[in-house]
Amino acid sequence: MPELPEVETIARSLRPVLVGKTVLAADLLWARTLSTPSPRAFKQRIVGQEILEVSRRAKYLRLRLSEDHLLMHLRMSGDLQMKPGRPDPQKHDRLILSLSGDCALVFNDTRKFGRVWLVRDPDQVVAHLGPEPLSNGFTARLFHEALGSRHRQLKPLLLDQTFLSGLGNIYTDEALHLARIHPQARSDSLDQDQVERLWEAIRAILQEGIRRNGSSIDWVYRGGEFQNYFRVYDRKGQPCPVCGAAIQRIVVGQRGTYICPDCQPRE
DNA sequence: CACGAGACCTGTTCGC
DNA sequence: TGCGAACAGGTCTCGT
């Protein structure tokens, strides 16, 4: 589930309960969940550190600790939950951090794609990322230049985290529909008006996603409600909310992609 | 550089 | 009912 709005929602909910707590123990239940350092070094280093700050960068959750930074990426099926006491490991739990205040932070991840890093410098992990779409530095002018410097299909480029960070499959489709642009349009073919529409749409869609606490789909429920407001995503055959035409599912860059054939013509 | 295929994983849904 | 295929919110690496 986790794209930018979902990770932002998690960061906001965890911040007030995590800040000020100290890590008392670390239980790693699936070794590959930990990217770095080794399990032994991880436990040794993290125990005793206090959580000073909880933030988000793109789809990464960042915990600033007394000495290190703990970064987490939920990938496709990761989930983070606070539990009281010393919870027994449940199915698909991959890492449990026991905290002061008799509670625990549990990383649960069905598909095992999620990753955790404990590093001195967070740039070791997030330096390669493109701009935050909601930051002041991400201007329409900059976006225009960046799009023009490449010759790629739009959707795969928007999903490329080194180009722009935070968008995933849902919010990209939603933004492209709002901007009325076909996902396979070439990045350097957009005119000024299209670029501005897309820039505005990306920011509006992400902000709406955050306002609605993200999307909750399938067995992973987090209390978000944006899934009730999808314009096109996962709505094959249903009417476009703008023009009523039947929404189509196509494949772009190996990802399922939803479009309105009338609102998003292929030039 | 752009792009597709395959890998990494488990679970659910679809189609015959 | 059964059973394999297709699909799922992400990213990485390899080959063309």
Side-chain angles (χ1 to χ4, degrees), chain A residues 1-10 29-36 56-61 71-80 90-95 107-117 125-130 133 146-177 183-189 202 205-206 208-210 212-237 248-258:
Chain A
M1 44 171 317
E3 300 182 35
L4 187 155
E6 287 74 33
V7 181
E8 178 64 27
T9 299
I10 294 167
L29 301 147
W30 179 253
R32 299 193 59 178
T33 295
L34 181 62
S35 260
T36 192
R56 175 192 63 75
R57 170 75 171 100
K59 302 175 192 174
Y60 292 80
L61 197 75
L71 297 167
M72 295 180 270
H73 196 304
L74 275 28
R75 296 280 178 93
M76 292 289 263
S77 58
D79 190 19
L80 282 167
Q90 301 296 304
K91 197 171 187 186
H92 308 314
D93 283 353
R94 308 302 177 199
L95 174 66
F107 187 127
N108 182 282
D109 181 21
T110 305
R111 293 178 70 182
K112 299 178 174 171
F113 292 161
R115 291 291 180 268
V116 167
W117 299 255
V125 182
V126 296
H128 68 287
L129 293 170
L147 287 170
S149 73
R150 313 292 293 272
H151 183 70
R152 287 184 63 183
Q153 296 186 104
L154 210 40
K155 177 170 174 177
L157 185 58
L158 294 175
L159 287 173
D160 180 343
Q161 302 296 300
T162 67
F163 180 79
L164 181 65
S165 64
L167 285 178
N169 209 33
I170 293 179
Y171 293 90
T172 302
D173 280 5
E174 294 294 300
L176 285 166
H177 178 263
Q184 288 173 300
R186 291 285 151 173
S187 57
D188 56 356
S189 75
I202 288 169
I205 287 291
L206 289 174
E208 190 191 349
I210 291 170
R212 299 197 185 281
N213 297 314
S215 318
S216 314
I217 304 183
D218 293 345
W219 68 97
V220 190
Y221 180 70
R222 203 191 302 287
E225 55 174 10
F226 189 60
Q227 71 281 4
N228 299 321
Y229 299 88
F230 288 163
R231 308 163 64 91
V232 288
Y233 184 80
D234 203 21
R235 296 193 62 237
K236 177 182 175 182
Q248 290 180 355
R249 180 186 184 277
I250 60 175
V251 174
V252 179
Q254 297 140 236
R255 307 299 301 277
T257 299
Y258 298 86

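Every heavy atom of this structure was used, including side-chain atoms; hydrogens, water molecules and symmetry mates were not. Below, read A as the first sequence line, B as the second, and so on, with proteins coming before strands; counting in each chain starts at 1.
As judged by a 4.0 angstrom heavy-atom cut-off over every strand, Arg186(A) is placed among residues touching the sugar-phosphate backbone only.
The side chain of Arg255(A) contributes no N or O atom lying less than 4.0 Å from OP1 or OP2 of dT11(C). Within the structure, every side-chain polar atom (N or O) of His151(A) is placed at least 4.0 Å from both OP1 and OP2 of dC3(B). In this model, the phosphate group of dG9(C) is approached by a side-chain N or O of Tyr233(A) to a distance below 4.0 Å at OP1 or OP2. For Lys59(A) and dT11(C), the shortest distance from a side-chain N or O to OP1 or OP2 is below 4.0 Å. In this structure, His73(A) reaches the dT11(C) phosphate: one of its side-chain N or O atoms is under 4.0 Å from OP1 or OP2.
Rounded to a whole Å, the CZ atom of Arg150(A) is 12 Å from the C1' atom of dC3(B). Atom CE in Met72(A) sits about 16 Å away from atom P in dT11(C), given to the nearest Å. Whole-Å rounding puts the Lys91(A) NZ to dT10(B) C1' distance at 9 Å.
Contact check on Arg231(A) versus Asp173(A) returns no salt bridge, with no Lys/Arg side-chain nitrogen under 4.0 Å from an Asp/Glu carboxylate oxygen.
Residues Phe230(A) and Ser215(A) form a side-chain contact, since some pair of their non-hydrogen atoms from C-beta on lies under 4.5 Å apart. Counting only heavy atoms from C-beta outward, the side chains of Leu95(A) and Met72(A) never approach each other to under 4.5 Å.
The stretch residues 157-166 of chain A touches DNA chain C through Gln161(A), each having a heavy atom under 4.0 angstrom from the strand.
In this structure, the separation between CG on Leu158(A) and CD on Gln153(A) is 11.5 Å, given to the nearest 0.5 Å.
Evaluated for a ring-ring contact (aromatic ring centres under 6.0 Å, His included) with Tyr171(A), the options Phe226(A), Tyr229(A), Tyr233(A) yield exactly one hit, Phe226(A).
Between the side chain of Ser35(A) and the main chain of Trp117(A), no donor-acceptor pair closer than 3.5 Å is present.
Taking atom P on both dC9(B) and dC3(C), the two are 26 Å apart, rounded to the nearest angstrom. A distance of about 22 Å separates the C1' atoms of dT11(C) and dT12(B), rounded to the whole Å.
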With sugar-phosphate taken as primed atoms, P, OP1 and OP2 and all else as base, the protein-contact string of nucleotides 4-9 of chain B at under 4.0 Å (heavy atoms; B, S, -) is BB--BB
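Paired regions of DNA chain C, where each region holds three or more successive Watson-Crick or G-U pairs whose two hydrogen-bonding distances fall under 3.5 Å, are B:2-8 with C:10-16, B:10-16 with C:2-8.
For Arg249(A), taking side-chain heavy atoms from C-beta onward, the closest of the listed nucleotides dA8(C), dT10(B), dC3(B) is dA8(C).
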